[in-house]
Structure formats: structure tokens, C-alpha cells
Amino acid sequence: MIKLTFALVRRPEFTRESFQDYWFNTHAPLVASVREALRIRRYVQLHSLPAEISDSLQAVRGGPNGFDGVAQLWWDSFEDMADADDEAAKAAGRLLLEDEQRFIDLSRSPLWWGQERVIF
């Protein structure tokens, strides 16, 4: 399987709580509604806890600020993904991007393709 990982930073007008509420209660159902058109096998949201809970981890490691959440989407393979020329897939992609622009700071939210390697 291949996985798309998307580390999310909220737009400045959102609190972490309002961002996570919108992401879970508005965006997630939208993703679910187009899963067949995009051939998504699995979609998971990892919601960050309040920043102060992770402050000591950041301080010890000298790391950057965390993310508001991480989304992961699975497909069986690149070949099994929806055809980029398929009109339903194009429309679904536009719909999701339009919604993401409402609550995600896309310029600060990296995403990448990867393949899981389970260690244990």
C-alpha cells in the first residue's frame, strides 16, 4: 500500500479546537463522500493534544512547533489510484482542495507520499 501523509497547520483565524472540530465534523464527511471516486482505501486523522502537553518534548529535542494534526490516506498502489483524467476524480479533488483552503494553511502544511515499513 502507499500512503499520503499531510501534516496540517491551521489558518490563523482558527483555534486548535475549532480547527479540529471543522476538520473532523465537516471535512472528514466530505472526504468520505468522495472516497470511491478517488479510490481511497483508508483515511485517518491524528489530532494533536494541547501544545503545553508536548512542550517538554520539544524543549528536550530542540524541535520546531508541532502540527495541529496529521491526515493519512491509503491506496493499494499508485496504479490503483483514480485516473487523473477521470472527471469524477478531478471534481472530487477540486472539492477537497476548495474545502482545505478554508481551514488549512496550505503553505505551512507539508504532504508527501510514502510506503509503510512495519517494524513491530
Side-chain angles (χ1 to χ4, degrees):
M1 295 195 82
I2 59 164
K3 188 185 292 187
L4 179 66
T5 300
F6 195 0
L8 308 176
V9 175
R10 68 184 180 265
R11 289 176 50 101
E13 63 269 26
F14 284 85
T15 64
R16 186 181 55 79
E17 294 78 12
S18 65
F19 167 86
Q20 290 177 349
D21 178 70
Y22 185 93
W23 184 28
F24 184 72
N25 291 304
T26 302
H27 189 70
L30 193 61
V31 175
S33 76
V34 296
R35 72 181 289 187
E36 295 300 322
L38 294 173
R39 298 184 186 165
I40 300 168
R41 289 283 306 245
R42 184 173 180 182
Y43 172 51
V44 174
Q45 295 180 348
L46 176 62
H47 291 234
S48 65
L49 296 175
E52 59 272 9
I53 293 173
S54 299
D55 283 347
S56 62
L57 287 173
Q58 270 183 286
V60 167
R61 295 179 177 269
N65 289 333
F67 297 103
D68 296 299
V70 174
Q72 294 187 315
L73 297 95
W74 281 255
W75 285 266
D76 286 328
S77 66
F78 281 119
E79 296 75 28
D80 193 55
M81 290 176 61
D83 182 351
D85 292 328
D86 178 81
E87 288 305 316
K90 283 182 185 177
R94 284 191 302 269
L95 181 70
L96 294 181
L97 178 59
E98 181 179 298
D99 191 54
E100 289 166 357
Q101 291 169 331
R102 290 186 178 107
F103 70 106
I104 301 170
D105 182 342
L106 294 175
S107 70
R108 296 176 50 218
S109 299
L111 68 160
W112 63 93
W113 290 107
Q115 186 174 24
E116 244 182 42
R117 294 189 179 192
V118 178
I119 307 306
F120 58 87

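Computed from a prediction, not measured in an experiment: that's the story for all the values here.
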Visitor: Tell me, do Leu97 and Gln101 make a side-chain contact under 4.5 Å, heavy atoms counted?
Guide: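 Yes. Closest side-chain heavy atoms under 4.5 Å.
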Visitor: Measure the acute angle between the ring planes of Phe103 and Phe19, then classify it against the limits of 30° and 60° as parallel, tilted or perpendicular.
Guide: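 Taking Phe19 first and then Phe103, their aromatic rings sit tilted (interplane angle of 30° to 60°).
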Visitor: Nearest 0.5 Å please: distance from the CZ atom of Arg102 over to the OH atom of Tyr22.
Guide: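 These two atoms lie 5.0 Å from each other.
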Visitor: Going by the ring pair (Phe, Tyr, Trp, His ring centres under 6.0 Å) test, which pairs reach into residues 35-64, not counting sequence neighbours?
Guide: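 Qualifying pairs, neighbours excluded: Trp23-His47.
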Visitor: Any side-chain heavy atom of Thr15 within less than 4.5 Å of one from Gln20?
Guide: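 No, their side chains stay 4.5 Å or more apart.
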Visitor: Considering only heavy atoms from C-beta outward, does the side chain of Glu13 approach that of Ser18 to under 4.5 Å?
Guide: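 Contact flag for Glu13/Ser18 side chains = no.
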Visitor: Just verifying a value: how many Å separate Ile104 CD1 and Phe67 CZ, rounded to the nearest 0.5 Å?
Guide: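 The CZ atom of Phe67 is 12.0 Å from CD1 of Ile104, to the nearest 0.5 Å.
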Visitor: Could you walk me through whether Leu38 and Val31 pass the side-chain contact (heavy atoms from CB on, under 4.5 Å) check?
Guide: CA-CA 9 Å; Leu38 294 173; Val31 175; over 6 Å; no
Visitor: Picking from Phe6, Trp75, Trp74, what satisfies ring pair (Phe, Tyr, Trp, His ring centres under 6.0 Å) with Trp113?
Guide: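 One option only clears the test, and that one is Trp75.
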Visitor: Return each pair, listed once, that meets side chain to side chain donor-acceptor pair (under 3.5 Å) where at least one residue sits in residues 28-41; pairs must be two or more places apart or across chains.
Guide: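 Found Arg41-Asp76.
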Visitor: So, do Met1 and Glu116 sit near enough that their side-chain heavy atoms are less than 4.5 Å apart?
Guide: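 In short, these two side chains do not touch, never coming nearer than 4.5 Å.
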Visitor: Holding to salt bridge (Lys or Arg N to Asp or Glu O under 4.0 Å), I want the full list of residues that pass it with Glu79, two or more places apart in sequence or in another chain.
Guide: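 Glu79 satisfies salt bridge (Lys or Arg N to Asp or Glu O under 4.0 Å) with no other residue.
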